[in-house]
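Only heavy atoms go into these numbers, but all of them, side chains included; no hydrogens, no water, no symmetry mates. Numbering of ligands and ligand atoms starts at 1, following listing order.
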Amino acid sequence: MRDQIKRLEELSRALDPNAAERGQWLQKVVQYTDSFLEQLKSVPVYRSNPEAGPGLFDAPISEDPLDMDRVLGLIRDNIDAAGVHVGSGGWLAYIPGSGLYASALADYIAAITNRYPTIYFASPGAVSMDRLLLAWMAEWIGYPKESAGDMTSGGSISNLIGIVTARDAQGLQAKDFSKAVVYLSQQTHHSVDKALRIAGLGEAIKRQVPLDERYRMNPAALEREILRDKKAGLIPWLIISSAGTTDTGAVDPLAAMAEIARAHKLWLHVDGAYGAAFALCAEGRKVLQGIERSDSVVMDPHKGLFIPFGSGMVLIRDGRKLLKSFYYEAAYLQDSEVLASPDEVSPCDLSPELTRHFRALRLWLPLKLIGLAPFRAALEEKMLLARYFHGRLRELDGFWVGPEPDLSIVVFRYIPKHGNVDAFNQRLAKAVQEDGRVFISSTLIDGKFTLRMAALNFRTHLDRMDLLIQVLREKVKEIEKE
Ligand SMILES: *Cc1c(COP(=O)(O)O)cnc(C)c1O
């Protein structure tokens with residue numbers, strides 16, 4: 001038995017490299033990532049390569065190790081050789097992410113020290129950092145000290161937490177679900193619909209409130225619908241507002257909606273996954289006015305704060321309501337109950353998750369290392385870039401251009417002199433994407449195929465807007481010639 005244990009020990013020691021081995025690995029990883037970042041400046045934003053990805057299956061998981069050069073080779077050929085480069089300044093599609101370098105260093109530290117940010121006593125520091133960031137967000141959103149929240153994996157989970165908290169706080173029970181009414185709009189993100197279903201509310205009635213000509217919810221129509229539903233004996237309980245819709249970046253009239261929510265005792269949830277971070281800059285603050293009067297708000301650091309994917313945040317105005325929905329006692333966690341004082345609430349009591357990544361560090365470290373001012377500047381720059389692009393596009397012949405952007409998204413389409421408009425724009429989108437210097441995406445607005453430019457990557461600057469204009473003009477010409 002001792003011999004066998006010793007043999008196993010010998011083999012398992014490979015899991016714990018010594019300083020020299022660590023140094024060698026690290027050096028190669030740094031070389032790889034540095035050259036990745038260098039190439040990012042010149043490689044196409046999008047590359048199609050049918051071999052990349054499936055090639056991983058030619059190197060199945062096996063008993064034997066592979067050296068670092070070959071491992072990095074597999075990553076280069078299979079992962080980094082195809083698809084979109086989200087880190088590129090030319091990435092102007094969907095809601096752009098970017099990925100701060102400083103966050104990568106934080107993830108490195110977090111993985112090595114592997115602090116447990118779930119229960120207060122296990123890492124008072126990691127939990128305090130969570131708490132500090134949530135209090136910081138509460139401050140610039142304008143929420144009171146009694147608010148509480150969670151560092152999540154993204155906007156979808158944040159929306160789910162907000163909706164579950166609202167459901168419980170509004171006292172909804174299963175017998176009410178088919179009479180419960182949620183007010184949202186045709187522009188509400190689909191993760192809300194999904195969250196309602198996960199929360200057991202698939203049967204709830206969903207009222208699509210009409211939008212104004214700038215794709216914002218019409219508050220007068222909202223109030224009319226609430227009154228009508230109340231009269232009909234239904235249970236209006238939740239309003240979903242968008243602070244930056246994914247399609248057009250429109251911000252709903254939050255102050256007016258908060259007024260209505262208060263008057264009729266509904267919960268106002270703000271889906272600010274894309275847009276809430278703009279409250280950090282003066283221009284955004286104006287647009288998001290009223291956000292501070294909501295009951296819950298979602299913001300994705302992996303969008304508006306440029307953190308790598310896997311970072312969301314949610315805040316509940318009255319933190320006790322969040323605790324009430326997610327608190328749990330388990331026998332095997334009893335030590336933490338003994339060790340923690342009652343006011344040391346742990347993240348696991350405010351969230352559906354238990355064990356989780358130390359997410360706070362990847363936001364805290366960049367904020368400390370870089371300071372807040374460049375973040376504010378980058379956000380304001382993105383808003384101005386969208387306005388600049390909007391203005392330049394309007395000067396070009398032949399383009400229909402959507403409303404002046406609330407935040408950093410512009411929607412537009414080319415109207416050809418003859419032929420099918422949708423078909424032309426589909427070809428235009430494809431031509432721009434295949435060109436690779438910039439990457440834009442499309443959507444349907446009022447049933448029409450529409451192009452959109454979204455600026456949110458911290459590497460997107462003025463030259464990219466000029467380049468996009470140039471590429472659009474070139475491609476329109478080419479398609480018209482055919
Ligand atoms: C991106 C987005 C979401 C979903 O967030 P994930 O982080 O992708 O889960 C929800 N709402 C809006 C408005 C978004 O833009």
Determine whether Glu404 and Arg214 satisfy the following criterion, salt bridge (Lys or Arg N to Asp or Glu O under 4.0 Å), listing intermediate values before the conclusion.
CA-CA 8 Å; Glu404 171 94 5; Arg214 298 188 61 170; over 6 Å; no
Closest to atom 11 (N) of ligand 1 among protein heavy atoms sits Asp271 OD2, 2.6 Å
For a 4.5 angstrom cut-off between non-hydrogen side-chain atoms, does Leu172 reach Leu201?
yes
Should you measure from each heavy atom of Gly155, which atoms of ligand 1 turn up under 4.0 Å away?
5 (O), 6 (P), 7 (O), 9 (O)
Which of the ligand 1 atoms, numbered from 1, are nearer than 4.0 Å to a heavy atom of Ala273
2 (C), 3 (C), 10 (C), 11 (N), 12 (C), 14 (C)
Does only the side chain of Ser156 get under 4.0 Å from ligand 1, or the backbone, or both, or neither? Count heavy atoms.
both
Sequence neighbours excluded, which residues qualify as side chain to side chain donor-acceptor pair (under 3.5 Å) partners of Asn159?
Ser191, His269, Asp271
Which atoms of ligand 1 sit under 4.0 Å from any heavy atom of Asp300?
5 (O), 6 (P), 7 (O)
Presence of salt bridge, Asp446 and Lys448, under 4.0 angstrom:
no
Quick one: do the Ser88 and Arg459 side chains pair a donor with an acceptor below 3.5 Å?
no
Ligand-residue contact atoms, ligand 1 with Ser191, heavy atoms, under 4.0 Å
10 (C)
Determine whether any heavy atom of Gly244 lies closer than 4.0 Å to an atom of ligand 1.
yes
Looking at atom 1 (C) of ligand 1, what's its closest protein heavy atom, distance included?
Lys303 NZ, 1.3 Å
Take Met313 and Asp300, measure what side chain to side chain contact (heavy atoms under 4.5 Å, CB included) needs, and give me the verdict at the end.
CA-CA 6 Å; Met313 286 168 90; Asp300 267 359; over 6 Å; no
Close-contact set for ligand 1 against Ile95 heavy atoms, below 4.0 Å:
15 (O)
Checking Thr246 against Tyr274: is there a side-chain donor and acceptor pair closer than 3.5 Å?
no
Any non-hydrogen atom of Gly312 lying under 4.0 Å from ligand 1?
no
Note: Glu380-Arg376 ion pair, threshold 4.0 Å (strictly below)
no
Ligand 1 atoms in contact with Thr246 (distance to a heavy atom under 4.0 Å)
12 (C), 13 (C), 14 (C), 15 (O)
Of all protein heavy atoms, the one nearest atom 4 (C) of ligand 1 is His189 CE1, 3.6 Å
